[in-house]
*Asks:* 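First the structure, then my questions, so here it is.
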Amino acid sequence: MTAARSHYDVLGVTPRASRGEVRAAYRRRMRALHPDAGAQAGGSASGSAEIAAVTEAWHVIGDARRRAAYDAGTPAAAEATG
């Protein structure tokens, strides 16, 4: 069984990353995964799952309130603030 990746791991940033760094990482990951960009995983089931993971990570840690709740260890609270 594999351990779940944190949203920070998904985007490839540290928990100390600024919002700008998080945004840049999100954009970089989405460009790399986009099927029209010739992504290795694009269009496959694993590619779709990774795109969903990147989108969810941006949704949570790209917003200050959701990020604070996520960092506090309350994922349910992070979802509720959206």
Side-chain angles (χ1 to χ4, degrees):
M1 183 173 184
T2 60
R5 296 183 298 165
S6 75
H7 291 317
Y8 296 105
D9 291 338
V10 169
L11 294 180
V13 297
T14 68
R16 292 186 179 138
S18 69
R19 186 175 190 284
E21 292 168 325
V22 171
R23 182 177 183 269
Y26 163 73
R27 292 173 56 104
R28 190 171 39 254
R29 292 285 294 134
M30 289 302 280
R31 273 195 306 272
L33 292 168
H34 196 281
D36 290 344
Q40 60 275 28
S44 69
S46 63
S48 296
E50 188 64 13
I51 288 171
V54 170
T55 300
E56 174 66 13
W58 167 248
H59 176 75
V60 174
I61 65 173
D63 178 88
R65 287 184 297 173
R66 286 190 291 265
R67 184 176 182 173
Y70 178 77
D71 290 345
T74 56
E79 293 174 15
T81 60

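Note that the structure is predicted; figures quoted are calculated from it, not measured.
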*Asks:* side-chain contact (heavy atoms from CB on, under 4.5 Å), that's the test. Do His7 and Trp58 meet it? Break it down for me.
*Replies:* CA-CA 8 Å; His7 291 317; Trp58 167 248; over 6 Å; no
*Asks:* Using side-chain heavy atoms (C-beta onward) and a distance below 4.5 Å, is Met30 in contact with Thr55?
*Replies:* yes
*Asks:* Looking at residues at least two apart in the chain, or sitting in another chain, which of them share a side chain to side chain contact (heavy atoms under 4.5 Å, CB included) with Ser18?
*Replies:* Glu21
*Asks:* Will you find, in the side chains of Tyr70 and Asp63, an N or O donor that is under 3.5 Å from an N or O acceptor?
*Replies:* no
*Asks:* For residues Gly62 and Arg19, report the shortest heavy-atom separation together with the two atoms involved.
*Replies:* O-NE, 2.8 Å
*Asks:* Please name the pair of heavy atoms, one in Arg29 and one in Val10, separated by the smallest distance, quoted to 0.1 Å.
*Replies:* NE-O, 3.2 Å
*Asks:* First locate atom CZ of Arg27, then atom CG of Leu11, and finally report the distance between them rounded to the nearest 0.5 Å.
*Replies:* 13.5 Å
*Asks:* Among all residues two or more places apart in sequence or in another chain, which pass the side chain to side chain donor-acceptor pair (under 3.5 Å) test with Tyr26?
*Replies:* none
*Asks:* Kindly compute the distance separating CZ (Arg66) from CG (Asp71), expressed to the nearest 0.5 Å.
*Replies:* 13.0 Å
*Asks:* Applying side chain to side chain donor-acceptor pair (under 3.5 Å), name anything that partners Ser6, two or more places apart in sequence or on another chain.
*Replies:* Asp9
*Asks:* Just by distance, no angles: are the side chains of Arg67 and Tyr8 close enough, under 3.5 Å, to form a donor-acceptor pair?
*Replies:* yes
